[in-house]
**Q** 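Have a look at this one.
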Amino acid sequence: MASDNDYLSYMNKGNYAMALNLLDQALLQNPEDPILLYNFALCCFQTKNFKKTIQVLDRILSEYPGFIELDNVYRLKVFSLVELKEWEAAEGIIKERLQIAFDDAKLLSFLAHIYEYTHRLEDAISIHRRILKANPDYKNSLNSLGYLLALKKKLTADERAEAIRSLKKALELDPNNPAYLDSFGYFLQTNGKPEEAWKAYRKALQKNPNHPVLLERLKNLKK
């Protein structure tokens with residue numbers, strides 16, 4: 001017979017479907033355990049059942065307001081809403097939580113993501129600058145700031161310098177990250193350096209073969 005904590009070993013192995021089965025059994029025995037519920041929500045998220053994730057998280061928020069992982073409950077709910085493209089609901093939760101945790105980098109990153117995908121480019125850029133003011137080595141914001149600046153039709157000299165500085169720093173911190181190499185390549189491409197962009201894209205593709213965005217960028221660069 002499996003023990004109550006065997007689901008954790010399956011979660012650690014990435015077998016979330018099996019973990020869900022074991023968590024179902026554990027919850028039959030301990031239906032009021034918020035830790036089991038939270039892990040159940042995590043597994044639902046990992047198996048892309050985002051609506052169920054939100055349903056379980058809402059139960060935790062309603063019934064266990066003192067749960068020790070409450071911040072992570074809110075983050076996971078926001079992440080699920082973002083995956084469902086429920087931008088307005090996610091933004092509302094983020095802004096409420098930021099009144100308590102003003103510089104929460106994860107929440108701010110979600111907010112920047114929402115602004116980017118709802119075509120509020122300048123707002124997204126401002127959020128990444130805010131993150132970096134408090135966390136200068138926050139890699140994802142270094143990368144995102146450089147990439148979002150590259151998307152602008154016209155860059156000032158200061159913005160161009162800021163973009164290249166941010167992208168180079170992200171790559172210094174994580175030199176083989178394909179997403180960062182892609183952003184760096186895109187910046188080089190949009191700033192009239194196709195040969196250098198090619199090198200960055202090729203290196204990114206070596207780390208993430210057959211990635212459709214990278215393949216499309218290389219295809220367009222040849223034209």
Side-chain angles (χ1 to χ4, degrees), residues 75 78-79 81-95 98 103-223:
R75 290 188 191 113
V78 167
F79 205 167
L81 288 167
V82 166
E83 290 289 343
L84 291 169
K85 295 182 170 54
E86 294 186 17
W87 310 118
E88 188 174 346
E91 184 176 346
I93 293 171
I94 291 169
K95 288 183 174 178
L98 285 173
D103 286 323
D104 187 311
K106 290 183 180 179
L107 287 175
L108 288 168
S109 292
F110 283 134
L111 186 58
H113 180 83
I114 290 167
Y115 286 157
E116 179 181 351
Y117 281 87
T118 53
H119 310 294
R120 289 176 279 176
L121 185 61
E122 291 295 341
D123 289 333
I125 288 169
S126 294
I127 291 296
H128 286 300
R129 285 174 175 154
R130 175 176 165 182
I131 292 170
L132 291 168
K133 186 176 180 180
N135 304 276
D137 292 335
Y138 199 76
K139 294 183 291 186
N140 286 341
S141 280
L142 287 166
N143 174 66
S144 294
L145 177 59
Y147 177 72
L148 292 174
L149 286 169
L151 289 176
K152 295 182 69 171
K153 293 181 179 179
K154 291 184 179 180
L155 281 179
T156 66
D158 286 344
E159 287 174 329
R160 187 173 289 105
E162 181 182 26
I164 194 68
R165 185 171 60 249
S166 297
L167 290 167
K168 283 185 174 180
K169 188 172 182 180
L171 282 168
E172 285 173 8
L173 294 167
D174 194 353
N176 294 315
N177 188 307
Y180 299 174
L181 288 163
D182 173 51
S183 297
F184 187 54
Y186 183 76
F187 176 84
L188 293 168
Q189 181 182 351
T190 56
N191 280 268
K193 297 182 179 180
E195 291 182 5
E196 293 179 44
W198 172 270
K199 291 178 183 177
Y201 289 149
R202 289 293 298 174
K203 187 174 179 181
L205 205 58
Q206 288 173 6
K207 305 299 177 183
N208 193 357
N210 302 316
H211 191 284
V213 173
L214 288 167
L215 290 169
E216 187 66 23
R217 293 209 201 282
L218 282 167
K219 179 182 175 182
N220 292 335
L221 203 57
K222 291 179 181 179
K223 294 179 180 179

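Note that this is a predicted model, so its numbers are computed, not measured.
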**Q** Is the shortest heavy-atom distance from the side chain of Leu181 to the side chain of Arg202 under 4.5 Å?
**A**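 No, too far: nothing below the 4.5 Å cut-off.
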**Q** What is the minimum heavy-atom distance between Gly185 and Ala197, and which atoms define it?
**A**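 Nearest heavy atoms, Gly185 then Ala197: O-CB, 3.3 Å.
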**Q** Keeping the roles fixed (side chain from Asn135, backbone from Tyr138), state whether a donor-acceptor pair exists under 3.5 Å.
**A**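 Side chain of Asn135 to backbone of Tyr138: no pair is present.
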**Q** For Lys152, check side chain to side chain contact (heavy atoms under 4.5 Å, CB included) against everything at least two apart and list the hits.
**A**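 By the side chain to side chain contact (heavy atoms under 4.5 Å, CB included) rule, Lys152 matches Leu121, Glu122, Ile125, Leu149, Leu155, Glu159.
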**Q** Start with the C-alpha gap between Asn177 and Lys207, add the side-chain angles, then the distance that decides, and say whether side-chain contact (heavy atoms from CB on, under 4.5 Å) holds.
**A** CA-CA 8 Å; Asn177 188 307; Lys207 305 299 177 183; over 6 Å; no
**Q** Quick one: ring-ring contact (aromatic ring centres under 6.0 Å, His included) partners of Phe79, sequence neighbours excluded?
**A**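 Phe79 satisfies ring-ring contact (aromatic ring centres under 6.0 Å, His included) with Phe45, Phe110 only.
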**Q** How long is the straight-line distance from OG of Ser166 back to CZ of Arg129, given to the nearest 0.5 Å?
**A**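 Spacing of CZ (Arg129) from OG (Ser166) equals 8.5 Å.
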**Q** Within the 4.5 Å heavy-atom criterion, are Ile164 and Phe184 side-chain neighbours or not?
**A**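 Yes, at least one pair of side-chain atoms sits under 4.5 Å.
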**Q** First locate atom CG of Asn191, then atom CD of Glu196, and finally report the distance between them rounded to the nearest 0.5 Å.
**A**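 Rounded to the nearest 0.5 Å, the CG-CD separation comes out at 10.5 Å.
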**Q** Between Ala124 and Ala112, which heavy-atom pair has the shortest distance, and what is it?
**A**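 Nearest pair, atom of Ala124 first, then Ala112: CB-O, 3.6 Å.
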**Q** Can you check side-chain contact (heavy atoms from CB on, under 4.5 Å) on Glu116 and Tyr147, steps first, answer last?
**A** CA-CA 11 Å; Glu116 179 181 351; Tyr147 177 72; 4.2 Å; yes
**Q** Under 4.5 Å between any side-chain heavy atoms of Ile94 and Ile114, yes or no?
**A**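 Counting from C-beta outward, Ile94 and Ile114 do come under 4.5 Å.
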**Q** Say you draw a straight line from NE2 of His113 to CG of Asn140; how long is it, rounded to the nearest 0.5 Å?
**A**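 His113 NE2 to Asn140 CG: 12.0 Å, rounded to 0.5 Å.
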**Q** For Asp158 and Glu162, what are the C-alpha separation, side-chain angles and deciding distance, and is it a side-chain contact (heavy atoms from CB on, under 4.5 Å)?
**A** CA-CA 6 Å; Asp158 286 344; Glu162 181 182 26; over 6 Å; no
**Q** With side chains defined as the heavy atoms from C-beta onward, is the minimum distance between Glu195 and Leu188 less than 4.5 Å?
**A**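 Heavy-atom side-chain distance check fails, nothing below 4.5 Å.
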**Q** Nearest 0.5 angstrom please: Ser144 OG to Leu167 CG, how far?
**A**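 One gets 9.5 Å once the value is rounded to the nearest 0.5 Å.
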**Q** Taking Asn143 for its side chain and Lys139 for its backbone only, find out whether a donor-acceptor pair lies under 3.5 Å.
**A**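 Answer holds: no.
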**Q** Flag the pair Glu172 and Lys168 as a salt bridge only when some basic side-chain nitrogen lies within less than 4.0 angstrom of an acidic carboxylate oxygen.
**A**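 No salt bridge links Glu172 with Lys168.
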**Q** If you measure from CD on Glu91 to CG on Leu98, what distance do you get to the nearest 0.5 Å?
**A**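 It comes to 10.5 Å.
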**Q** Counting only heavy atoms from other residues, nucleotides and ligands, does the tally under 6.0 Å from NZ of Lys169 exceed 12?
**A**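 Enclosed.
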**Q** Flag the pair Phe187 / Lys193 as yes when at least one side-chain heavy-atom distance between them is below 4.5 Å, and no otherwise.
**A**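 No - every pair of side-chain heavy atoms lies 4.5 Å or more apart.
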**Q** Can you check whether Tyr186's main-chain N or O pairs, donor with acceptor, with Tyr201's side chain at less than 3.5 Å?
**A**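 Yes.
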**Q** Please evaluate residues Ile127 and Ile131 with respect to the criterion side-chain contact (heavy atoms from CB on, under 4.5 Å), reporting the C-alpha separation (whole Å), side-chain torsions for both, the decisive distance (0.1 Å), and the verdict.
**A** CA-CA 6 Å; Ile127 291 296; Ile131 292 170; 4.1 Å; yes
**Q** Can you tell me how far CG of Leu111 sits from NE2 of His128, rounded to the nearest 0.5 angstrom?
**A**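 Rounded to the nearest 0.5 Å, the NE2-CG separation comes to 9.5 Å.
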